[in-house]
Chemist: 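Okay, handing you the structure first.
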Amino acid sequence: MKFLPLANQGVQSLSPYQAGKPIEELERELGITNIIKLASNENPFGFPESAKQAIINQLDELTRYPDSNGFALKHCIAEKFAVQPEQITLANGSNDFIELVAHTFATEQDEIIYSQYAFIVYPLITKAINAVAREIPAKNWGHDLDGFLAAINDKTKLIYIANPNNPTGNFLTETEIDDFLRQVPERIIVVLDEAYTEFTAEHERVDSFGLLKKYPNLVISRTLSKAYGLAGLRIGYAVSNPEIADLFNRVRQPFNVNSLAQAAAIAVLKDDVFVQQVAENNRLEMQRYETFCQQHGLDYIPSKGNFITIDFKQPAAPLYQALLHEGVIVRPIAGYGMPNHLRVSIGLPEENQRFFTAVETILHKAAL
């Protein structure tokens, strides 16, 4: 019996999502220890003590279902960002929400627009629901919003924009996004994926919740996996028009956010000092990466995220493998159509120095 033909046509064409290699897997494969992982844009500081204590306080309640409506967490988000609780949808990480919005609004007859070199989950979910993908060629590795507008037609239902973009780190200004939204028909849902917004400087950060007041078809997606350090708990949220949020809550899985995640999220959302520390380390260490690339004649894509994408001007797979043998895990992104690039997460100073030293060693050997 062949089961592949039984799957829907979109699923038949999919390949599984390739996450960053876990440390434990590399230990098993090569038998080495003292490994650093700079592959998955995780928070090198972990998460704050306040979140750890919140988790501990919830442990005795694990026999109970979590609050499916997330009352306390929604009110925490609403108070922090001056929105209303009925505008908020909680999700099992922002990936969960990216899929949820497609299931809510798109069908096989609809078209979904996203950019070349954008987050790979956008094309994955588009294929999975058999919608028509409209991948717009990138402009300087980032979103070509004029190209997006030119691609809109009567079948367009959904648009994904990642800002900053992953894996390239490109950034759109508030003026650019505002001008774009002004020209998008109100019947089209626009998802602004802001998974890395906390790493942008405050003076340049997009006031996306302000834009939401002007454009009711805008949906803002955020995560607590990156700057807030809760990647393992899978917790994200979206803010939208209350009518749209009501639709999401009809489709999402009940209890999609567990009680430990909700408790930890409330704690970290109140811990501004921790997030500022994370962002400042990212700013300073990003400068070190840029300097390293300039000193070694390596091109890189200027990034507003907590990662940098480096062009080695040759297939990067051998360098990726060589780095593994040095105990350094980074992210190859040939699956994004960027075979000469590696994406490197910004770590702690000593972790980043390990990467610099390993690359210098490998490049020196290659030159002999």
Chemist: Return yes if a side-chain donor-acceptor contact under 3.5 Å exists between Gln287 and Thr291, otherwise no.
Modeler: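 Side-chain D/A pair, Gln287 to Thr291: absent.
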Chemist: I'd like to know if the side chain of Asn41 pairs up with that of Tyr196 as donor and acceptor (distance under 3.5 Å, no hydrogens or angles considered).
Modeler: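 There is such a pair (donor and acceptor under 3.5 Å, judged by atom type) between the side chains of Asn41 and Tyr196.
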Chemist: Starting from Leu38, can I reach Phe45 by hopping between I/L/V/M/F/W/Y residues whose side chains sit under 4.5 Å apart?
Modeler: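 Unlinked, Phe45 and Leu38 end up in two clusters.
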Chemist: Are Arg182 and Asp178 ion-paired here, with the side-chain N under 4.0 Å from a carboxylate O?
Modeler: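 Not counted as a salt bridge, because no side-chain N and carboxylate O are separated by less than 4.0 Å.
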Chemist: So, Ser221 and Glu194: side-chain donor and acceptor under 3.5 Å apart, yes or no?
Modeler: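 There is no such pair between these side chains.
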Chemist: Give the cluster check for Val219 versus Phe209: same hydrophobic cluster or not, with ILVMFWY residues linked at side-chain heavy-atom distances below 4.5 Å.
Modeler: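 No, Val219 does not connect to Phe209 through the hydrophobic network.
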Chemist: Looking only at the side chains, is there a donor atom on one of Asp272 and Gln276 sitting less than 3.5 Å from an acceptor on the other?
Modeler: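 No donor-acceptor contact under 3.5 Å links the two side chains.
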Chemist: Would you indicate whether the side-chain heavy atoms of Pro349 and Asn281 approach each other to under 4.5 Å?
Modeler: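 The answer is yes; the side chains approach within 4.5 Å.
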Chemist: For the residue pair Lys155 and Val132, establish whether any side-chain heavy-atom pair is separated by less than 4.5 Å.
Modeler: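 Not touching, per the 4.5 Å side-chain cut-off.
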Chemist: Any donor-acceptor pair under 3.5 Å linking the side chain of Asn140 with the backbone of Gly142?
Modeler: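 No; zero donor-acceptor contacts below 3.5 Å.
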Chemist: Is there a donor-acceptor contact under 3.5 Å from the side chain of Asn352 to the main chain of Gly347?
Modeler: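 Between the backbone of Gly347 and the side chain of Asn352 there is a qualifying donor-acceptor contact (under 3.5 Å).
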Chemist: Which heavy-atom pair separates Ala227 from Phe274 by the least distance, and what is that distance?
Modeler: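 Closest approach of Ala227 to Phe274, heavy atoms only: O-CE2, 3.6 Å.
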Chemist: Classify the side-chain pair Glu111/Asn153 by whether it contains a donor and acceptor separated by less than 3.5 Å.
Modeler: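 The answer is yes; a qualifying pair exists.
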Chemist: Hey, do the aromatic rings of Tyr122 and Tyr160 have their centres closer than 6.0 Å?
Modeler: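 Under 6.0 Å, so yes.
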Chemist: Check Ile55 against Ala264 and note the closest heavy-atom contact, atom names and distance.
Modeler: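 Scanning both residues completely, I find the closest heavy atoms to be CG1-CB, 3.9 Å.
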Chemist: What's the separation between atom CD1 in Ile308 and atom OG in Ser303, rounded to the nearest 0.5 Å?
Modeler: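 Nearest 0.5 Å value for the CD1-OG distance: 6.5 Å.
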Chemist: Is the terminal nitrogen or CZ of Arg331 (NZ for Lys, CZ for Arg) located under 6.0 angstrom from the six-membered ring centre of Tyr320 and within 45° of that ring's axis?
Modeler: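 No - Arg331 does not lie over the ring of Tyr320 by the 6.0 Å and 45° rule.
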Chemist: Let me see the working for Leu59 and Leu260 under side chain to side chain contact (heavy atoms under 4.5 Å, CB included), right down to the final yes or no.
Modeler: CA-CA 8 Å; Leu59 291 178; Leu260 299 184; 4.2 Å; yes
Chemist: Any donor-acceptor pair under 3.5 Å linking the side chain of Lys74 with the backbone of Thr89?
Modeler: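 No, the answer is negative, given that no donor and acceptor are paired below the 3.5 Å cut-off.
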Chemist: May I ask you to say whether Lys313 pairs ionically with Asp299, meaning some side-chain N is under 4.0 Å from a carboxylate O?
Modeler: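 Between Asp299 and Lys313 there is a salt bridge, with a charged N closer than 4.0 Å to a carboxylate O.
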Chemist: Indicate yes or no: does Asp146 engage Lys139 in a salt bridge with an N to O separation below 4.0 Å.
Modeler: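 No, no charged N to carboxylate O under 4.0 Å.
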Chemist: Output yes when Lys37 and Glu42 qualify as a salt bridge under the 4.0 Å nitrogen-oxygen rule, no when they do not.
Modeler: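 Answer for the salt bridge query: yes.
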Chemist: Measuring from atom CG of Asp193 to atom CG of Asn166, what distance do you get when rounded to the nearest 0.5 angstrom?
Modeler: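 Between atom CG of Asp193 and atom CG of Asn166 there are 8.5 Å.
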Chemist: How long is the gap from OG1 on Thr223 to CD1 on Ile98, to the nearest 0.5 Å?
Modeler: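 Those atoms lie 9.0 Å apart.
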Chemist: If we count only N and O atoms by modelled type, under 3.5 Å, do the side chains of Glu99 and His103 hold a donor and an acceptor together?
Modeler: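 Yes, a side-chain donor-acceptor pair sits under 3.5 Å.
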Chemist: Charged N to carboxylate O below 4.0 Å: is that the case for Lys304 and Glu204?
Modeler: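 Glu204 and Lys304: salt-bridged.
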Chemist: Pairing donors with acceptors under 3.5 angstrom, does anything connect the side chains of His143 and Glu176?
Modeler: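 Judged by distance alone, the side chains do not pair up.
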Chemist: Does a donor on one side chain sit under 3.5 Å from an acceptor on the other, for Ser225 and Arg234?
Modeler: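 Short answer, yes.
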Chemist: Nearest 0.5 angstrom please: Ser68 OG to Asn256 CG, how far?
Modeler: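 Reported value, rounded in 0.5 Å steps: 7.0 Å.
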Chemist: Answer yes or no on whether Arg222 is positioned over the face of Tyr237, meaning its NZ or CZ is under 6.0 Å from the six-membered ring centre and within 45° of the axis.
Modeler: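 No - Arg222 does not lie over the ring of Tyr237 by the 6.0 Å and 45° rule.
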Chemist: Ignoring hydrogens and angles, tell me if any N or O in the side chain of Asp67 forms a donor-acceptor pair with the backbone of Phe71 under 3.5 Å.
Modeler: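 Pair found, side chain donor or acceptor close to backbone of Phe71.
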Chemist: Hey, could you give me the CD/CG distance between Glu86 and Asp246, rounded to the nearest 0.5 Å?
Modeler: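 The distance works out to 11.0 Å.
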Chemist: Do Asn217 and Glu186 meet the criterion of a side-chain donor-acceptor pair at a distance under 3.5 Å?
Modeler: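 Short answer, no.
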Chemist: Is there a donor-acceptor pair under 3.5 Å between the side chain of Asn241 and the backbone N or O of Glu243?
Modeler: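 Yes, Asn241 side chain to Glu243 backbone: donor-acceptor pair under 3.5 Å.
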Chemist: Using ring centroids (six-membered ring only for Trp), state whether Phe355 and Tyr289 fall under 6.0 Å.
Modeler: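 Ring-ring flag for Tyr289/Phe355: true, centres closer than 6.0 Å.
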Chemist: Taking only Lys NZ, Arg NE, NH1 and NH2, and the carboxylate oxygens of Asp or Glu, determine whether Arg354 and Glu351 approach each other closer than 4.0 Å.
Modeler: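 Looking at Glu351 together with Arg354, the answer is no, because their closest N to O distance does not fall below 4.0 Å.
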Chemist: Does either side chain, that of Thr309 or that of Arg343, offer a donor lying less than 3.5 Å from an acceptor on the other one?
Modeler: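 Absent: no donor and acceptor within the cut-off.
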Chemist: If you round to the nearest 0.5 Å, how far is CG of Asp179 from CG of Leu172?
Modeler: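 Atom-to-atom, Leu172:CG and Asp179:CG are 11.5 Å apart.
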Chemist: Starting from Leu211, can I reach Ile189 by hopping between I/L/V/M/F/W/Y residues whose side chains sit under 4.5 Å apart?
Modeler: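 No, it is not one cluster - the side chains of Ile189 and Leu211 are not joined through contacts under 4.5 Å.
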Chemist: Are a donor atom and an acceptor atom from the side chains of Thr107 and Asp110 found within less than 3.5 Å of each other?
Modeler: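 There is such a pair between these side chains.
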Chemist: Quick check against the 3.5 Å criterion: does Gln262 have a side-chain atom that pairs as donor or acceptor with the backbone of Pro66?
Modeler: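 A pair under 3.5 Å: no.
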